[in-house]
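The structure displayed is predicted, hence computed values, not measured ones. By convention in this document, chain letters (A, B, ...) are assigned in the order of the sequence lines, proteins followed by strands, and residues within each chain are numbered from 1.
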Number of protein chains: 2
Amino acid sequence: MRKRTKATSIDIAHRAGVSQATVSRVLRGSPLVNAETRRRVEEAVRALNYKVDRHASSLRTQRSGTLALLLFEEPTPDHAHINPFFLSILGSVTRACARHGQDLLVSFQQLSDDWHADYEDSMKADGLILLGYGDYRLYRDKLDALVAQGTRFVRWGAVQPDQPGISIGCDNAHGGRLVGEHLAALGRRRVAFLGSASRGYPEFLDRYRGCEAALQVAGLALDPALQVDADSSEEAGYTAAMALVERGQPFDAVFAASDLIAIGAIRALAEKGLRVPEDVAVVGFDDIPTARFTNPSLTTVVQDTARAGELLVETLLKLVKGEAAESVTLPAQLVVRRSSGAAAG
Amino acid sequence: MRKRTKATSIDIAHRAGVSQATVSRVLRGSPLVNAETRRRVEEAVRALNYKVDRHASSLRTQRSGTLALLLFEEPTPDHAHINPFFLSILGSVTRACARHGQDLLVSFQQLSDDWHADYEDSMKADGLILLGYGDYRLYRDKLDALVAQGTRFVRWGAVQPDQPGISIGCDNAHGGRLVGEHLAALGRRRVAFLGSASRGYPEFLDRYRGCEAALQVAGLALDPALQVDADSSEEAGYTAAMALVERGQPFDAVFAASDLIAIGAIRALAEKGLRVPEDVAVVGFDDIPTARFTNPSLTTVVQDTARAGELLVETLLKLVKGEAAESVTLPAQLVVRRSSGAAAG
DNA sequence: CTGAAAGCGCTTACAG
DNA sequence: CTGAAAGCGCTTACAG
């Protein structure tokens with residue numbers, strides 16, 4: 001392999017007949033530089049295919065121009081099995097980073113790992129984006145540690161009044177309400193909930209409570225006997241739905257806390273001889289790409305992932321610059337497809 | 001927000017009562033250092049929560065300790081829609097990077113973007129991992145440019161004799177053969193192929209040819225009239241299957257070039273009143289997580305993504321160190337589920 | 001508008 | 001085994 005000889009700003013300076021400092025000014029876009037000087041430098045930069053050395057620049061400025069995204073995947077040790085919903089946020093985060101001229105370091109972590117004291121101290125990144133489901137109670141202490149260290153971070157997740165740091169999240173309660181209203185309007189009376197509706201999973205809990213509130217308005221209840229814990233995977237959805245059927249309690253609708261859970265549940269219901277949506281209406285949450293192609297297609301709640309990624313990056317960059325920033329709750333929206341039995345495609 | 005004051009190696013040196021050079025030796029694991037000295041330094045490092053500044057270190061050593069993964073997503077401009085198969089490689093790559101003490105920069109690119117001359121010159125990364133489907137012919141020129149520049153990179157994709165650089169790929173031809181044999185053994189006579197089987201998509205083409213070869217052994221043909229182009233998405237699979245049915249040519253099996261295509265195809269077939277697997281057997285490729293939960297569950301070909309990620313990283317690190325490295329083809333394996341109509345779960 | 005110079009925080013030959 | 005010193009390639013006050 002050919003040895004690479006990188007051009008430095010000194011090479012550019014020689015070629016353009018200016019000082020190295022001037023080269024640096026041009027590359028940083030300083031307004032001081034004479035137009036003709038600028039032109040000569042830019043010409044030399046092109047000719048030598050010069051790129052500013054990121055490390056030298058960062059060392060000098062004490063800014064890395066890099067954000068780190070940590071993706072937690074607590075329950076499942078199976079790498080293949082990352083929730084596509086997070087993937088779609090990851091996609092929009094990479095795009096937002098590109099727009100803002102930031103590089104993105106990505107790392108998958110266990111919630112239990114020692115991630116809370118690394119990236120920023122080693123200057124690898126100016127700030128952290130935290131993403132992932134997992135028991136919030138495990139999480140909480142680490143967030144407190146981040147705040148105590150002064151680490152700049154933004155988290156995707158439920159916006160709660162007492163939480164450490166800043167979150168960007170979806171209006172899960174409203175999403176749940178939409179589902180409850182939809183099922184009630186379709187005449188479903190006994191709605192089951194598949195997902196861990198506890199304080200450890202605030203997003204799921206909010207979805208649960210939102211649905212419950214809507215059902216109450218319709219004179220219905222979300223019977224705790226029809227709730228089964230599940231983390232966000234097809235596997236867990238399948239197991240939970242099997243358990244639900246075996247409880248023997250009648251139900252005519254399933255609100256799955258995520259699309260993956262819904263997909264597993266549909267499979268389990270089919271195996272138990274229950275028809276979706278005739279016998280059981282099924283509604284998910286997230287609107288992952290596959291939701292349109294399940295059989296039957298899945299009624300679900302869309303979260304605006306494009307906006308989410310943009311907001312995560314923008315908010316974090318504000319913190320990095322020392323500006324004020326605040327948590328944001330994004331709206332949720334119902335998408336009606338065939339699995340809930342409404343008259344829709 | 002509290003102002004962060006980072007400890008430097010000088011702070012550690014003071015506290016441990018040694019020179020800054022010795023601190024550096026301890027942190028780089030130099031064998032020269034006295035055990036007691038080492039202990040004192042380590043103690044100071046812990047006490048001050050010191051982390052080596054990555055940029056200073058990289059500037060000095062001219063090594064960034066970072067790899068960059070570029071993910072191409074040519075045909076679909078929809079960020080939400082990254083092939084889960086690549087996601088699973090991404091997952092195993094991040095893990096492999098962690099094991100090798102490398103950071104990973106991730107960027108989603110259009111095949112047409114200007115990615116071929118950036119990461120390495122700016123020292124952001126020591127090497128590149130290239131991932132993604134897309135027209136290989138568009139790709140080819142850029143790969144040549146990378147080689148000419150001396151950029152170190154490894155590509156996930158078909159291993160071909162004349163290609164620039166190094167690839168890690170799956171034995172697509174063998175995978176295709178397994179599918180052909182499976183369908184022939186089940187008595188299917190008219191096998192359709194959904195996917196772009198052209199020189200621009202060497203993976204798909206290899207799958208096509210492998211299947212064709214196996215069918216020929218069984219005295220059957222892969223009728224070109226039953227081939228419909230599709231890139232790797234549910235959408236494309238749906239559209240392609242619709243087009244196939246409308247051609248009016250009889251067929252009793254579909255080999256979809258990827259699981260996403262298969263999922264879209266199953267949906268289309270159902271809408272056209274064709275039963276899977278009774279009327280049409282469907283087989284995919286990739287074994288994405290959802291494949292076990294489609295309705296019916298999907299017979300497909302597994303690629304070893306865990307090994308793939310490990311090999312991509314290991315091979316790239318060899319190149320970075322200036323060692324010899326070579327392309328590798330990984331084995332493919334058939335997973336029989338219900339969509340092909342065999343007697344399996 | 002431009003140049004000379006200091007310094008960001010490390011690593012590593014060199015000398016002892 | 002350890003320290004003093006040079007230098008990686010930039011950025012930015014400072015002086016002109």
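Map A/Q20 and B/S19 each onto its nearest nucleotide of DNA chain D; the residue landing nearer the 5' end is B/S19.
A side chain to side chain contact (heavy atoms under 4.5 Å, CB included) with A/V93 is found for one member of A/L311, A/V106, A/T305, A/I129 and no other, namely A/I129.
Rounded to an integer number of Å, the gap from A/L59 CG to D/dC8 C1' is 9 Å. Between the C1' atom of C/dT11 and the CD1 atom of B/I10 lies a distance of 13 Å, rounded to the nearest Å. The separation between B/I12 atom CD1 and C/dC10 atom C1' is 13 Å, rounded to whole Å. Rounded to whole Å, the distance from NE2 on A/H55 to P on D/dC10 is 12 Å. Whole-Å rounding puts the A/K124 NZ to C/dC10 P distance at 14 Å. Rounded to whole Å, the distance from CG on A/D53 to P on C/dC10 is 17 Å. Separating the CG atom of A/L32 from the C1' atom of C/dG3 is a distance of 13 Å, rounded to the nearest angstrom.
Separating the P atom of C/dA5 from that of C/dC1 is a span of 24 Å, rounded to the nearest Å. Between D/dG16 and D/dT12, the two C1' atoms lie 16 Å apart (nearest whole Å).
Across all strands shown, A/T37 has heavy atoms under 4.0 Å from sugar-phosphate atoms exclusively, and none from any base. Using a 4.0 Å heavy-atom distance criterion, B/Q62 is classed as a sugar-phosphate-only contact. Within 4.0 Å of A/V23, counting heavy atoms only, lies no atom of the nucleic acid at all. A/S24 comes within contact range of at least one nucleobase, with a heavy-atom separation under 4.0 Å.
In the interface, the side chain of B/R25 is paired with the base of D/dG3 through a donor and an acceptor atom under 3.5 Å apart.
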ask   = side-chain contact (heavy atoms from CB on, under 4.5 Å) between B/R152 and B/L316: does it pass, once the steps are laid out?
value = CA-CA 7 Å; B/R152 284 147 302 200; B/L316 183 53; 4.3 Å; yes

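B/D126 places a side-chain N or O within donor-acceptor distance of the main-chain N or O of B/G65, the cut-off being under 3.5 Å.
Closest approach to the B/T61 side chain among D/dC1, D/dT11, C/dT11 is made by C/dT11 (side chain taken as heavy atoms from C-beta onward). For A/A21, the side-chain atoms get nearest to C/dG3 when compared with the rest of C/dT11, C/dC1, C/dG3. Of the candidate nucleotides C/dC1, D/dT12, D/dG7, D/dT12 has the atom nearest to the side chain of A/R60. In this structure, of D/dC1, C/dC10, D/dC10, it is D/dC1 that holds the atom nearest to the side chain of B/N34.
Where DNA chain D pairs in unbroken runs of 3 or more (Watson-Crick or G-U, both distances under 3.5 Å), the stems are C:1-3 with D:14-16, C:5-12 with D:5-12, C:14-16 with D:1-3.
Contact between the side-chain N/O atoms of A/S9 and the OP1/OP2 oxygens of D/dC10 is found at a separation under 4.0 Å.
Taking each heavy atom of B/T66 and B/R54 in turn, the nearest pair found is OG1-NH2, 4.0 Å.
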